[in-house]
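Some notes on the structure that comes next.
What you see is a predicted model, and the numbers here were worked out from it, not measured in a lab. Only this structure's heavy atoms are used, side chains among them; waters, hydrogens and symmetry mates stay out. Letters go in sequence order (proteins before strands), and every chain restarts at 1.
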2 protein chains.
Amino acid sequence: MTANRRPRRSSGRITLNDVAGAAGVSPITASRALRGERTVDPALAERVREAADRLGYVPDPAARALASQRSTQVLVLVPLLSNALFVDLLEAVHRTLFPEGFQPLIGVTHYDSAEEELLLRTYLPHRPAGLLVTGFDRSEAARQLIVHSGVPCVHLMETSAAPGVACVGFSQQDAGATITRHLLERGRKRIAFCAAQLDPRVLQRAEGYRRTLREAGLYDPRLELLSPERSSIALGARLFEDLVQRMPDVDAIFFCNDDIAQGGLLAANRMRVDVPGRIAVAGFNDLAGSAQMVPPLTTIRTPRSEVGRAGADMLLGLMRGTLAQPQCVQLDYELIVREST
Amino acid sequence: MTANRRPRRSSGRITLNDVAGAAGVSPITASRALRGERTVDPALAERVREAADRLGYVPDPAARALASQRSTQVLVLVPLLSNALFVDLLEAVHRTLFPEGFQPLIGVTHYDSAEEELLLRTYLPHRPAGLLVTGFDRSEAARQLIVHSGVPCVHLMETSAAPGVACVGFSQQDAGATITRHLLERGRKRIAFCAAQLDPRVLQRAEGYRRTLREAGLYDPRLELLSPERSSIALGARLFEDLVQRMPDVDAIFFCNDDIAQGGLLAANRMRVDVPGRIAVAGFNDLAGSAQMVPPLTTIRTPRSEVGRAGADMLLGLMRGTLAQPQCVQLDYELIVREST
DNA sequence: CTGAAAGCGCTTACAG
DNA sequence: CTGAAAGCGCTTACAG
């Protein structure tokens with residue numbers, strides 16, 4: 001009877017060596033078989049898979065990452081989780097990546113470039129297989145970290161004409177123009193723009209608003225209410241009250257996001273301001289609850305799930321090398337007309 | 001001039017060896033110094049840190065995880081991201097763990113035990129340093145995976161008397177009883193309970209509702225409207241309409257979550273049902289927007305940020321071995337009375 | 001307090 | 001198509 005000598009530092013886990021031994025092949029062949037490399041004899045490969053199943057073998061991701069210099073995690077950076085927009089985006093990313101063997105690793109930047117940089121510094125050393133980031137607005141240091149990491153990166157929610165930049169988004173400016181045009185077509189003349197957060201995408205919507213009103217000869221800078229505060233229902237209510245008091249002749253408001261628009265609608269309810277009779281109200285994104293507001297909210301349905309899916313798909317191609325050139329995909333948004341305008 | 005021989009597989013990265021060389025010590029000493037072990041001569045440690053800084057050394061997490069059999073990631077499993085409750089929880093967890101050198105890895109189960117199991121099977125091989133899960137309701141297989149992994153685990157949002165189980169939460173049942181009692185004190189007799197999702201915590205609130213009404217001799221099972229659908233504003237509106245039509249004598253509704261309560265309030269606005277004149281409406285969780293509803297919503301403020309912080313703190317103790325025994329911490333909730341009741 | 005050796009569990013690069 | 005050797009970059013366990 002041999003003494004039960006355990007190796008000095010065994011973790012007790014079933015290793016590739018065990019599988020190889022059971023299948024009667026070398027560890028390299030076992031490794032190749034399990035990773036589905038083509039260069040393995042089908043019969044051998046089958047024997048290896050069988051042995052792995054029987055032993056309950058699970059590859060060690062750390063060993064794999066160390067040896068191959070690449071993990072299967074995909075770092076996904078979003079500004080916030082409290083905006084349902086990004087939750088929809090993340091869900092779509094997960095649905096696309098996870099079944100393909102990649103695990104999204106969510107990082108929240110809070111619209112703060114220092115935080116984004118810290119997240120990159122923390123997670124890039126893990127050698128993620130890919131990177132999904134929101135928009136193009138980041139510190140130069142963050143940009144350098146991404147480029148020098150050599151990790152394939154797709155930008156979400158905005159589009160860019162810059163060559164070699166992979167992105168999936170839609171035209172925030174055109175969408176902003178579309179909803180403004182809709183208000184004009186409803187016969188409104190004094191159309192206000194209420195915004196919070198003031199991130200680049202909000203400012204692009206603002207530009208669409210301005211462009212449209214200028215073309216109509218109706219632009220008035222006093223009708224722009226821009227707050228750097230975090231977007232919220234409570235803030236929307238305050239902005240609405242403020243605007244109605246200070247600018248009694250306003251006959252329409254384009255809120256840059258549905259949550260502040262909902263707040264505006266609730267404030268109108270409380271103040272008994274007739275919507276759309278006296279003031280038309282429009283939002284942006286078509287978030288949960290907008291269709292149930294009184295009156296239901298006119299808004300832009302943004303394709304965030306589609307952005308997530310298409311962005312993850314593009315990244316998959318980049319990571320696997322099946323997509324040679326980074327692309328820029330522009331998706332469609334949709335104007336949803338409800339009773340608030 | 002020596003030929004520029006690069007090692008066969010160098011990743012080009014600065015390694016611990018480089019730092020040790022620059023500091024004139026062995027790699028083990030460098031490793032100990034950088035991890036802050038006490039057994040290193042302060043002067044040497046300082047020299048190592050200096051060298052590391054100068055060279056821009058960043059430890060390789062994969063190598064570290066492989067050698068130490070432990071990563072610095074903490075797996076956090078929540079049911080949904082679309083419920084603001086869990087977003088608050090995650091934010092608190094991140095704020096607590098990240099500065100201490102641990103990175104939360106978010107997994108979303110969608111209230112599906114098969115998905116939870118798959119997430120555990122996928123992420124446990126990464127040897128996370130700790131595990132944070134929502135509630136106690138999971139498959140036996142999932143439970144076994146957790147126990148056998150040996151990874152310290154804290155359960156969030158519910159409390160349990162079971163010994164050896166680490167948890168941080170509050171009494172869902174008592175909170176449900178508290179809001180029901182409040183409605184009774186307002187003189188309501190026909191108090192309905194509207195619920196969605198029907199996860200264990202919702203059912204515990206239901207139990208608190210039943211207990212309280214039974215004690216008051218006012219329990220009527222026909223006043224319970226339980227929907228297995230996902231909780232949402234739209235569903236809340238439907239449940240409200242349904243209830244008002246089928247049970248015209250209902251004079252109060254306790255919604256199990258603020259989002260369906262908000263939907264109920266919006267339906268009341270649309271149907272011109274007087275709240276609280278004809279029907280009092282109460283919610284649960286105190287989510288964004290509840291204070292802005294018309295009328296503002298009475299609800300229970302649940303301590304989810306506190307749960308996240310305290311749960312992460314407890315896990316920190318468990319991971320570091322400074323907390324010998326798993327504990328069960330019960331936190332307080334707060335009744336927020338607004339004008340809807 | 002410090003270090004030489006071994007090892008964590010894989011994959012790469014080379015050879016056949 | 002298959003494998004022996006080396007190596008990825010750390011830390012553990014032992015010795016001094």
Side-chain angles (χ1 to χ4, degrees), chain A residues 5-48 51-52 55-72 101 124-127 129, chain B residues 5-48 51-52 55-72 101 124-127 129:
Chain A
R5 287 167 292 139
R6 278 188 54 184
R8 280 207 305 167
R9 279 170 66 191
S10 163
S11 62
R13 127 185 245 157
I14 310 279
T15 70
L16 190 62
N17 247 311
D18 301 330
V19 175
V25 299
S26 74
I28 311 93
T29 301
S31 169
R32 286 198 269 249
L34 293 175
R35 274 177 298 129
E37 271 193 25
R38 297 300 188 78
T39 63
V40 183
D41 180 275
L44 273 195
E46 183 49 32
R47 235 162 66 204
V48 171
L55 298 177
Y57 169 69
V58 182
D60 183 324
R64 208 165 233 192
L66 180 59
S68 69
Q69 301 285 5
R70 189 113 307 177
S71 80
T72 54
L124 247 19
H126 286 80
R127 297 198 177 277
Chain B
R5 288 166 292 138
R6 277 188 55 183
R8 279 207 306 167
R9 280 169 66 190
S10 164
S11 60
R13 126 186 246 157
I14 310 278
T15 69
L16 190 62
N17 248 312
D18 301 329
V19 175
V25 299
S26 73
I28 311 92
T29 300
S31 169
R32 286 199 269 251
L34 293 174
R35 276 176 297 131
E37 271 194 27
R38 297 300 188 78
T39 62
V40 182
D41 180 275
L44 274 194
E46 183 48 34
R47 235 163 64 205
V48 171
L55 297 177
Y57 169 68
V58 182
D60 183 323
R64 209 164 233 194
L66 181 59
S68 69
Q69 301 285 2
R70 189 111 307 177
S71 80
T72 54
L124 247 17
H126 285 80
R127 298 201 177 273

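- In terms of modelled atom types and a separation under 3.5 Å, the side chain of B:Arg47 and the main chain of B:Ala23 share a donor-acceptor contact.
- Taking atom CZ of residue B:Arg70 and atom P of nucleotide C:dG9, one finds them 13 Å apart after rounding to whole Å.
- Put simply, CG on B:Leu16 is 18 Å from P on D:dG7, counting in whole angstrom units.
- With contacts defined as side-chain heavy-atom distances shorter than 4.5 Å, the pair B:Pro59/B:Arg35 does not qualify.
- In this structure, the separation between CG on B:Asp41 and CZ on B:Arg32 is 12.5 Å, given to the nearest 0.5 Å.
- Within 4.0 Å of A:Thr39, counting heavy atoms only, lies at least one base atom of the nucleic acid.
- For A:Ser68, the listed nucleotide lying nearest its side chain is C:dT12; candidates were C:dT12, C:dC10, D:dC10.
- Nucleotide C:dA13 holds its P atom 10 Å from the CD atom of A:Gln69, rounded to whole Å.
- Summarising the geometry, the separation between CG on B:Leu66 and P on C:dC8 is reported as 9 Å, rounded to the nearest angstrom.
- The closest side-chain heavy-atom distance from B:Arg127 to B:Ser68 is not below 4.5 Å.
- Residues of residues 40-47 of chain A having a heavy atom closer than 4.0 Å to DNA chain C: none are found.
- Along DNA chain C, the nucleotide nearest B:Ala63 and the nucleotide nearest B:Gly24 are compared for position; the residue whose nucleotide lies closer to the 5' end is B:Gly24.
- Within residues 26-38 of chain B, the residues having any heavy atom closer than 4.0 Å to DNA chain C are, in order of number, B:Ser26, B:Ile28, B:Thr29, B:Arg32.
- Here CD of B:Glu37 is found 11.0 Å from CG of B:Leu34. Values are rounded to the nearest 0.5 Å.
- In this structure, CG of B:Asn17 is placed 13 Å from C1' of C:dG3, rounded to the nearest angstrom.
- Per the geometry, CZ belonging to B:Arg64 stands 19 Å off P belonging to C:dG9, to the nearest Å.
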Dot-bracket line, read 5' to 3' along DNA chain D, where crossing pairs take [ ] and | marks a partner on another strand, Watson-Crick or G-U under 3.5 Å:
|||.||||||||.|||
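- A distance of 9.5 Å separates OG1 in A:Thr29 from CG in A:Leu16, rounded to the nearest 0.5 Å.
- The shortest non-hydrogen separation linking A:Val19 to A:Val48 is CG1-O, 3.8 Å.
- The minimum heavy-atom distance between A:Val40 and A:Ala33, with the atom names listed, is CG2-N, 3.9 Å.
- The minimum heavy-atom distance between A:Pro61 and A:Arg13, with the atom names listed, is CD-NH2, 4.3 Å.
- For the atom pair A:Asn17 CG and A:Ser26 OG, the distance stands at 9.5 Å (nearest 0.5 Å).
- Closest of all the heavy-atom pairs between B:Gly101 and B:Thr72 is O-CB, 3.4 Å.
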